[in-house]
Amino acid sequence: MPSATAAAPQVSAFHHRDTGTWTYLVADPATRAAAIVDPVLDFDPRSGRTGLDSAAPVLERAAADGLRIDWLLETHAHADHLSAAHALRERLRAHGHAPRLAIGRRIGEVRRVFAPLFGLSDDASDERPAAFDHLFDDDEGFAVGALPARAIPVPGHTQDSLAYLIGDALFAGDSLFLPDSGTARCDFPGGDAAMLYQSIQRLYRLADATRVFVCHDYGKDGREPACETTIGAQKQGNLHVRADTGEAEFVALREARDRTLAVPALILPSLQVNLRGGALPQPEANGVRYLKLPLDQL
């Protein structure tokens with residue numbers, strides 16, 4: 001649990017308006033080491049075009065601040081946007097950085113579920129699938145420069161969901177949204193509302209002053225998208241789960257809401273890319289890359 005004197009990373013936030021996703025550049029002010037959390041690859045489903053226009057400002061800020069990118073951190077295999085982690089890793093390596101692309105070890109379980117859907121080779125049993133440089137164990141400690149960090153398991157939205165505690169800052173992934181927006185859905189394969197409730201209780205044991213940075217915000221009721229809150233504010237006012245909310249109450253609310261939600265628009269392209277850490281499929285004989293669209297499966 002971070003104390004009142006826990007080290008405070010410098011956090012820069014970048015909003016991807018098309019998908020409502022926040023990407024974070026997290027830096028240790030003392031050593032200038034940094035991590036990028038949940039970078040987004042631009043993707044136009046109408047034309048099939050991809051690009052790094054939205055991710056480029058993250059690298060530009062890092063260069064302007066003299067930061068060394070040591071980590072590319074994914075909170076889970078996202079179903080609503082394509083990850084830019086693989087592309088950023090290659091670009092950073094070309095400029096002398098040596099970032100490690102990391103995700104939770106349970107990505108193997110998610111891949112095991114979805115590999116048959118996309119006809120992917122099933123390497124889920126590998127200790128380290130080739131797309132990732134590191135797979136975090138539950139509550140594994142690591143560092144961003146001199147900042148202590150920890151990979152906290154928060155399954156429920158997905159099996160592989162992690163939150164990253166870096167100094168006094170928690171990057172919550174899709175476990176918690178801003179207090180007025182509640183929590184993430186739990187109706188994907190491997191999702192479970194009771195499990196998400198227990199994961200959130202784990203986060204609520206952190207100090208109230210812990211800064212919380214959410215993965216998504218869509219500007220509820222016309223307000224401007226925002227990204228930062230605190231554990232104390234979540235416990236006091238989260239729309240779905242306050243400090244005094246019981247598990248049965250949360251599960252009933254979450255499952256009722258999930259029954260009203262549509263399938264995410266980008267789930268099919270996102271998963272088959274994000275299970276590879278953001279790597280696009282290899283070109284076929286004609287030099288063109290293709291994403292698959294399985295019919296009558298979801």
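Side chains included, hydrogens not; waters and symmetry mates left out as well; all remaining heavy atoms used. Note that the coordinates shown come from a computational prediction; the quantities given were computed from them, not determined experimentally.
In this structure, the side chain of D70 does not engage the main chain of A33 through any donor-acceptor pair within 3.5 Å. Put simply, the side chain of N238 gets close to the backbone of G182: a donor and an acceptor are under 3.5 Å apart. Not a single donor-acceptor pair under 3.5 Å links the side chain of Y24 to the backbone N or O of C215.
P153 has its side chain within reach of R202: a pair of non-hydrogen atoms, C-beta onward, lies under 4.5 Å apart. Counting only heavy atoms from C-beta outward, the side chains of I200 and V154 never approach each other to under 4.5 Å. Counting only heavy atoms from C-beta outward, the side chains of T158 and D174 never approach each other to under 4.5 Å. Side-chain contact between V144 and P9 is absent, with no heavy atoms from C-beta onward closer than 4.5 Å. You'll find the side chain of V241 reaches within 4.5 Å of the side chain of Q201, heavy atoms only. Looking at heavy atoms from C-beta onward, I267 lies in side-chain contact with F188 at the 4.5 angstrom threshold. Side-chain contact between H157 and S199: absent, with no pair of heavy atoms (C-beta onward) separated by less than 4.5 Å. Residues H16 and D42 meet the side-chain proximity criterion, which asks for heavy atoms closer than 4.5 Å.
Residues passing the side-chain hydrogen bond (donor to acceptor under 3.5 Å, both in side chains) test with D53: none are found, sequence neighbours excluded. With sequence neighbours excluded, no residue forms a side-chain hydrogen bond (donor to acceptor under 3.5 Å, both in side chains) with R276. R257 pairs by the side-chain hydrogen bond (donor to acceptor under 3.5 Å, both in side chains) definition with nothing, not counting sequence neighbours. Partners of L291 by side-chain contact (heavy atoms from CB on, under 4.5 Å), not counting sequence neighbours, listed by chain and number: F43, P269, Q272, V273, P281. The side-chain contact (heavy atoms from CB on, under 4.5 Å) test applied to A102 returns W71, L73, H134, F136, not counting sequence neighbours. Taking D80 as the reference, nothing meets the salt bridge (charged side-chain N to carboxylate O under 4.0 Å, His left out) condition, with sequence neighbours excluded. Residues passing the ring pair (Phe, Tyr, Trp, His ring centres under 6.0 Å) test with H15, sequence neighbours excluded: W22. Listed by chain and residue number, A193, V251, R259 satisfy the side-chain contact (heavy atoms from CB on, under 4.5 Å) test with E255 (two or more places apart in sequence, or in another chain). With sequence neighbours excluded, no residue forms a side-chain hydrogen bond (donor to acceptor under 3.5 Å, both in side chains) with T230. Contacts of E90 classified as salt bridge (charged side-chain N to carboxylate O under 4.0 Å, His left out), with partners at least two apart in sequence or in another chain: R93.
Screening residues 286-298 for side chain to side chain donor-acceptor pair (under 3.5 Å), with sequence neighbours left out, gives N286-Y290. Sorted by first and then second residue, the side chain to side chain donor-acceptor pair (under 3.5 Å) pairs with a member in residues 179-188 read D180-R223, T183-H240, T183-R254, R185-D187; sequence neighbours excluded.
The heavy-atom pair separating P39 from L88 by the smallest distance is CB-CD1, 3.6 Å. The two residues C186 and L196 come nearest to each other via the heavy atoms SG-CD2, 3.4 Å. In this structure, A77 and L275 approach most closely via the heavy-atom pair CB-CD2, 4.3 Å. Summarising the geometry of I69 relative to A62, their closest heavy-atom pair is CD1-CB, 3.9 Å, with the distance given to 0.1 Å. Taking both residues in full, the closest heavy atoms of A55 and A84 are given as CB-CB, 4.3 Å, listed atom of the first, atom of the second, then distance. Closest of all the heavy-atom pairs between A279 and H86 is N-CB, 3.5 Å.
Note: F250 CZ to Y197 OH = 9.0 Å, rounded to the nearest 0.5 Å. Rounding to the nearest 0.5 Å gives a distance of 9.5 Å between CD of Q10 and CG of D28. If you take CG on L59 and CD1 on I36, they are separated by 5.5 Å, rounding to the nearest 0.5 Å. One finds the CD1 atom of I152 at 12.5 Å from the OG1 atom of T75 (value rounded to the nearest 0.5 Å). Rounding to the nearest 0.5 Å places CG of D18 at 12.0 Å from NE2 of H81. The distance from the CG atom of L280 to the CG atom of L82 is 7.0 Å, given to the nearest 0.5 Å.
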Does the pair D139 and R150 meet the rule for a salt bridge (charged side-chain N to carboxylate O under 4.0 Å, His left out), with working shown? CA-CA 6 Å; D139 290 306; R150 180 160 55 98; 3.0 Å; yes
Mind running side-chain contact (heavy atoms from CB on, under 4.5 Å) on H78 and T21 for me, showing each step along the way? CA-CA 10 Å; H78 308 274; T21 306; 5.9 Å; no
Please report the C-alpha distance between I231 and V212 in whole Å, then the side-chain angles of each, then the deciding distance to 0.1 Å, and finally whether the side-chain contact (heavy atoms from CB on, under 4.5 Å) criterion is met. CA-CA 6 Å; I231 288 293; V212 177; 3.7 Å; yes
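In terms of hydrophobic clustering, with Ile, Leu, Val, Met, Phe, Trp and Tyr side chains grouped at heavy-atom distances under 4.5 Å, L92 and L25 are assigned to a common cluster. Taking hydrophobic clusters as Ile, Leu, Val, Met, Phe, Trp and Tyr residues chained together by side-chain heavy-atom distances below 4.5 Å, F118 shares a cluster with F132. A single hydrophobic cluster is not seen to contain both V11 and V40; linkage of ILVMFWY side chains at heavy-atom distances under 4.5 Å, directly or through other members, places them apart. If you chain together hydrophobic residues whose side chains sit under 4.5 Å apart, V113 and M195 never meet in one group. Tracing side-chain contacts under 4.5 Å through hydrophobic residues (I, L, V, M, F, W, Y), one reaches L266 starting from L41; they form part of the same cluster.
In summary, the side chains of E74 and N274 do not present any donor paired with an acceptor at a separation below 3.5 Å, with no hydrogens or angles considered.
Between F213 and the choices F171, Y164, F177, F14, the ring-ring contact (aromatic ring centres under 6.0 Å, His included) rule is met once, by F171. Of the residues listed (D138, D160, D137), the one engaging R106 in a salt bridge (Lys or Arg N to Asp or Glu O under 4.0 Å) is D138, and it is the only one.
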